[in-house]
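Each chain gets a letter, A, B and so on, in the order the sequences are listed, and its residues count up from 1.
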There are 2 protein chains.
Amino acid sequence: MEILDAAARLFAARGFHGVSIEDIGGAVGVSGPALYRHFSGKEALLAEMLLDVSERLHASAASRVTTAPSPEAALDALLSGQIEFALSHPSLITVHDRELGNVPEPARRQIRRLQRLYVEEWVTVLSELHPACPPARLRAATHAVFGLLNSTPHSAGELPEEAMARLLLGMARTALATLNDDGS
Amino acid sequence: MEILDAAARLFAARGFHGVSIEDIGGAVGVSGPALYRHFSGKEALLAEMLLDVSERLHASAASRVTTAPSPEAALDALLSGQIEFALSHPSLITVHDRELGNVPEPARRQIRRLQRLYVEEWVTVLSELHPACPPARLRAATHAVFGLLNSTPHSAGELPEEAMARLLLGMARTALATLNDDGS
DNA sequence: CGCTGACGTTAATGGTGACTAACATCGGCG
DNA sequence: CGCCGATGTTAGTCACCATTAACGTCAGCG
């Protein structure tokens with residue numbers, strides 16, 4: 001929805017508390033309290049936004065993994081999916097890992113659950129590729145790769161999108177290839 | 001200073017606008033307006049915090065690079081420095097790349113300058129190691145590595161600090177080693 | 001002793017912002 | 001036509017919060 005898009009851009013730029021309902025309304029051409037016709041409140045708007053992101057990421061990951069013919073292919077599918085999403089929705093990525101704390105409780109738990117499932121999707125694939133590697137290490141590596149891939153908002157415009165996608169894919173692939181080294 | 005430490009933790013957790021002067025005072029055992037004896041205002045407090053971080057990072061990088069015997073050693077020194085900082089000051093790292101937009105103008109320009117210098121320190125070293133690689137690509141890769149290294153706040157507690165440091169160092173090193181591949 | 005400067009405290013004050021109320025507009029459909 | 005639900009609008013209301021004012025305390029030192 002147009003409202004959620006505008007809100008995502010604003011939240012990413014100034015943070016949840018740095019954006020007023022008026023700002024969001026203004027960004028879509030209506031003014032202020034009109035938003036209450038569509039959302040029960042500011043927090044509910046954020047909740048819907050983050051829930052939607054988490055669902056899309058998790059659903060895409062689950063489907064890619066189950067249709068991949070091999071763990072190697074599954075990992076590549078996960079990487080491409082995350083890169084594609086991060087490049088096309090930088091604000092959503094930013095808000096997604098910054099503003100969970102402002103989501104009220106019923107929804108927050110569900111978002112957390114989906115995020116956990118998403119991470120476990122990665123950990124499962126990685127553990128097939130690196131059976132000797134303890135899960136905690138795989139989880140930490142997964143978060144590290146997310147950090148790498150989600151860096152796109154910080155290097156905005158340095159490279160054309162295609163080149164950036166290839167660069168990130170290459171870096172992430174090789175970064176994950178080190179996981180069999182025992183880390184000593 | 002104790003006030004800046006407490007403020008950093010609070011800003012990292014709830015965002016600049018999500019924290020009140022009262023909150024910060026409360027966290028150090030005084031209450032509210034007492035902080036105006038130490039800072040001219042909330043934004044000035046943030047400015048001092050970010051300026052200090054940027055200076056420390058840049059100064060440490062500059063000294064490590066100039067004393068390193070080779071580009072390879074310089075890169076390792078940069079990596080270790082950033083990892084050490086990220087692991088010991090996760091909140092500062094978080095605030096540092098989230099809240100620059102809330103710093104008022106005189107200070108903001110200076111922080112940006114230091115951040116840019118810090119990045120260029122990395123790019124210079126990398127360009128000696130990968131002479132064929134265009135600077136824009138090196139800059140993007142640098143930001144990607146920052147994202148990887150700064151992921152520690154997200155994987156808090158998965159691994160003991162030493163193991164996490166080694167994991168991040170290994171992943172970052174190999175991720176950067178791909179830079180000679182032409183990205184096609 | 002008595003001043004002074006560092007540091008705190010508790011009341012304003014003033015602005016901002018989420019949310020609600022009361023009041024249009026208007027397209028569709030009986 | 002005339003009602004209705006969806007969607008907006010503008011004017012409150014009320015809480016929160018940064019900042020300032022006015023007023024202690026007290027250690028050090030003349």
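Remark: P of D:dA6 and CG of A:Leu35 are 17 Å apart, rounded to the nearest angstrom. Look at CZ on B:Phe39: it is 14 Å from C1' on C:dC7, rounded to the nearest Å.
Residues in residues 98-110 of chain A take part in these salt bridge (charged side-chain N to carboxylate O under 4.0 Å, His left out) pairs, two or more places apart or across chains: A:Glu105-A:Arg108, A:Glu105-A:Arg109. Applying the ring pair (Phe, Tyr, Trp, His ring centres under 6.0 Å) test to every pair with at least one member in residues 56-78 of chain B, sequence neighbours left out, gives no pairs at all. Pairs passing the salt bridge (charged side-chain N to carboxylate O under 4.0 Å, His left out) check and including a residue from residues 59-78 of chain B, sequence neighbours excluded, read B:Arg64-B:Glu84, B:Asp76-B:Arg173. Residue pairs that meet the side chain to side chain donor-acceptor pair (under 3.5 Å) test with at least one member in residues 140-151 of chain B, sequence neighbours left out, are B:Gln82-B:Asn150.
Judged as a ring-ring contact (aromatic ring centres under 6.0 Å, His included), and not counting sequence neighbours, the contacts of B:His89 are B:Phe85. B:Ser54 pairs by the side chain to side chain donor-acceptor pair (under 3.5 Å) definition with B:His96, not counting sequence neighbours. Residues that satisfy the side-chain contact (heavy atoms from CB on, under 4.5 Å) test with B:Tyr36, not counting sequence neighbours, are B:Ile21, B:Pro33. With sequence neighbours left out, A:Phe16 forms a ring-ring contact (aromatic ring centres under 6.0 Å, His included) with A:Phe11.
The side-chain heavy atoms of A:Val19 and B:His17, taken from C-beta on, include no pair separated by under 4.5 Å. Two residues are said to be in side-chain contact when any heavy atoms from C-beta on lie closer than 4.5 Å; B:Val145 and B:Leu79 meet this criterion.
Looking at residues 100-110 of chain B, you'll see that no heavy atom sits under 4.0 Å from any atom of DNA chain C. Within residues 44-51 of chain A, no residue has any heavy atom closer than 4.0 Å to DNA chain D. For the contact set between residues 24-31 of chain B and DNA chain C, defined by any heavy atom under 4.0 Å, the members are B:Val30, B:Ser31.
Salt bridge absent: B:Arg137 and A:Glu158 never bring a charged side-chain N and a carboxylate O closer than 4.0 Å.
Interatomic distance, B:Ile3 CD1 to B:His38 NE2, rounded to the nearest 0.5 Å: 4.5 Å.
The residue among A:Arg37 and A:Asp23 whose nearest nucleotide of DNA chain C lies closer to the 5′ end is A:Asp23.
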Under 3.5 Å, which N/O atoms of the protein pair with N/O atoms of nucleotides 18-20 of chain D?
unit_1: D:dA18; atom_1: OP1; unit_2: B:Val19; atom_2: O; d: 3.3
unit_1: D:dA18; atom_1: OP1; unit_2: B:Lys42; atom_2: NZ; d: 2.9
unit_1: D:dA18; atom_1: OP2; unit_2: B:Ile21; atom_2: N; d: 2.7
unit_1: D:dT19; atom_1: OP2; unit_2: B:Tyr36; atom_2: OH; d: 2.7
unit_1: D:dT19; atom_1: OP2; unit_2: B:Lys42; atom_2: N; d: 3.0
unit_1: D:dT19; atom_1: O5'; unit_2: B:Tyr36; atom_2: OH; d: 3.2

> After noting the C-alpha distance and the side-chain angles of A:Asp52 and A:Arg56, does the key distance pass the salt bridge (charged side-chain N to carboxylate O under 4.0 Å, His left out) rule?
Replying inline: CA-CA 6 Å; A:Asp52 183 60; A:Arg56 275 156 73 188; 3.0 Å; yes
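In this structure, B:His38 reaches the C:dG8 phosphate: one of its side-chain N or O atoms is under 4.0 Å from OP1 or OP2.
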